[in-house]
Amino acid sequence: MKKTIRQLIAAAVLALPVATAVAAGGGVPLDKAPINLKDTESLQRGAQMFTNYCLSCHSANAMRYNRLLDIGLSEEQVKANILPPGAKIGDTMKISMTKADAAAWFGAAPPDLSVIARSRGADYLYSYMRSFYKDPSRETGWNNLVFDKAAMPHVFAQWQGEQVLKHEKHEGHDVPKLELVKAGTLTKLENGKANTAEYDHRMADLTNYLVFMGEPTQVKRHQLGYIVLLFLIVVMLPLAYLLKKEYWKDVH
């Protein structure tokens, strides 16, 4: 038994550098995503952005529209503002574009985003959506610092504006850096300095929703876990202690 435990611990320790390297997007440092699954207003804004901007190319086949009721939307609001024509509230978030068409248009079929936050991580997604830059060598005219040679066009370019990739010397190494050279509707250039707070806030909302979509019951599961722990501490622990005293009273 002890040998098995030691093997599991060793495997976990060895896996940490690999997990860190993958999460860092090939060595690019990631920004911390401000995730708060209890912020229903953020989730609602993210859900609307996802259906308006992402769902035309990316499916979410494991997610149903009625799950949006869990973030405070009414069925009427979902039908009026989010549900596409012809879809029902219990349908999954499918797209009409076929994989063959997607491959022809983009070079590769866009991935399903149902559990993208669980596979990539919230920090990766948050950083990715803020790391597009102009690249004339790419067919779309855009590239991404987190995911090099990404086939996805910059669908939020109007909001973010245009960034360019530059390299700075740091301790003898070239460090890539993105610089905003043209402001968008949600960014500003003030005295040569970029103010991207509003755009970053929008991307945080979208990332927040993607995390929720990957596990819609996460908040309820955590709440249930706290209740179970409280029950064990308040009820079962005293009973176990009294039972122990009853068994051992004759021994002592």
Side-chain angles (χ1 to χ4, degrees), residues 13-35 42 46 49-50 53-54 56-58 102-103 105-111 113 115-211 214:
V13 171
L14 290 172
L16 282 176
V18 177
T20 303
V22 173
V28 177
L30 303 180
D31 296 324
K32 183 66 177 176
I35 300 303
S42 170
M49 289 174 59
F50 177 79
Y53 292 94
C54 306
S56 56
C57 298
H58 295 275
W105 297 335
F106 302 109
L113 298 182
V115 293
I116 191 67
R118 297 179 67 177
S119 63
R120 288 288 191 175
D123 294 348
Y124 177 95
L125 296 175
Y126 179 62
S127 301
Y128 170 79
M129 290 183 288
R130 295 161 53 248
S131 298
F132 280 93
Y133 63 91
K134 291 294 291 183
D135 185 351
S137 68
R138 302 295 298 156
E139 291 182 0
T140 62
W142 298 93
N143 205 337
N144 194 283
L145 183 59
V146 174
F147 185 7
D148 187 38
K149 296 179 176 58
M152 174 179 164
H154 190 7
V155 294
F156 301 116
Q158 184 178 359
W159 289 358
Q160 187 181 30
E162 294 182 7
Q163 295 187 126
V164 294
L165 179 64
K166 294 188 174 182
H167 290 83
E168 296 182 349
K169 286 289 185 181
H170 181 71
E171 297 181 353
H173 299 284
D174 282 335
V175 179
K177 181 182 178 181
L178 294 176
E179 180 179 328
L180 185 70
V181 294
K182 182 179 179 181
T185 57
L186 298 182
T187 57
K188 299 176 182 177
L189 281 171
E190 302 170 336
N191 299 322
K193 294 184 178 181
N195 184 343
T196 62
E198 189 175 356
Y199 178 76
D200 293 344
H201 185 67
R202 293 283 187 99
M203 295 304 102
D205 290 338
L206 180 56
T207 306
N208 206 25
Y209 173 73
L210 290 172
V211 172

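Hydrogens, waters and symmetry mates play no part in the numbers below; they use all other heavy atoms, side chains included.
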Point-to-point distance, once rounded to the nearest 0.5 Å, from OG of Ser137 to NZ of Lys149:
7.0 Å

Residues Ala122 and Ala33: closest non-hydrogen pair is O-CB, 3.7 Å

Apply side chain to side chain contact (heavy atoms under 4.5 Å, CB included) to residues Gln163 and Glu179 and explain how you reach the verdict.
CA-CA 5 Å; Gln163 295 187 126; Glu179 180 179 328; over 6 Å; no

Minimum heavy-atom distance Leu206-Cys54, with the two atoms named:
CD2-SG, 4.2 Å

Find out whether the Lys NZ or Arg CZ of Arg130 is both under 6.0 angstrom from the six-membered ring centre of Phe132 and within 45° of the ring's axis.
no

For Met129 and Leu210 the tightest heavy-atom approach is CE-CD1, 4.5 Å

Please report the closest heavy-atom contact between Leu189 and Ala194, naming both atoms and the distance.
CD2-CA, 4.1 Å

Nearest heavy-atom contact between Thr140 and Met152 is OG1-O, 4.5 Å

Under 3.5 Å, side chain of Asp174 to main-chain N/O of Lys169, donor-acceptor pair present?
no

Is the backbone N or O of Asp123 less than 3.5 Å from a side-chain atom of Ser127, with the two atoms forming a donor-acceptor pair by type?
yes

Asn191 (side chain) donor-acceptor with Lys193 (main chain) under 3.5 angstrom:
no

Side chain to side chain contact (heavy atoms under 4.5 Å, CB included) between Arg202 and Met49, worked out:
CA-CA 9 Å; Arg202 293 283 187 99; Met49 289 174 59; 4.2 Å; yes

On the ring face of Tyr124, is Arg120 found with NZ or CZ under 6.0 Å from the centre and within 45° of the axis?
yes

So with a 6.0 Å cut-off around NZ of Lys134, is the heavy-atom count from everything else above 12?
yes

Going by the angle between their ring planes, with limits at 30° and 60°, are Tyr199 and His154 parallel, tilted or perpendicular?
perpendicular

Got a donor-acceptor contact below 3.5 angstrom from the Asn144 side chain to the Tyr128 backbone?
yes

Test Leu180 against Thr187 for side chain to side chain contact (heavy atoms under 4.5 Å, CB included), laying out the working first.
CA-CA 9 Å; Leu180 185 70; Thr187 57; 3.9 Å; yes

Quick one: does Asp205's side chain have a donor or acceptor within less than 3.5 Å of a partner on Thr207's backbone?
no

Using a 3.5 Å distance criterion without hydrogens, assess whether the side chain of Asn143 forms a donor-acceptor pair with backbone atoms of Asp135.
no

Rounded to the nearest 0.5 Å, how far apart are CG of Leu178 and OH of Tyr133?
8.0 Å

CG of Leu30 to OG of Ser131: how many Å apart, nearest 0.5 Å?
8.5 Å

In short, Lys32 meets Tyr126 closest at the heavy-atom pair O-CE2, 3.6 Å

Tell me whether the count of non-hydrogen atoms from other residues, nucleotides or ligands lying under 6.0 Å of CD in Glu190 goes above 12.
yes

Value for OG1 (Thr196) from NZ (Lys188), rounded to nearest 0.5 Å, stands at 12.0 Å

Distance, nearest 0.5 Å, that separates OH of Tyr209 from CG of Leu113:
10.0 Å

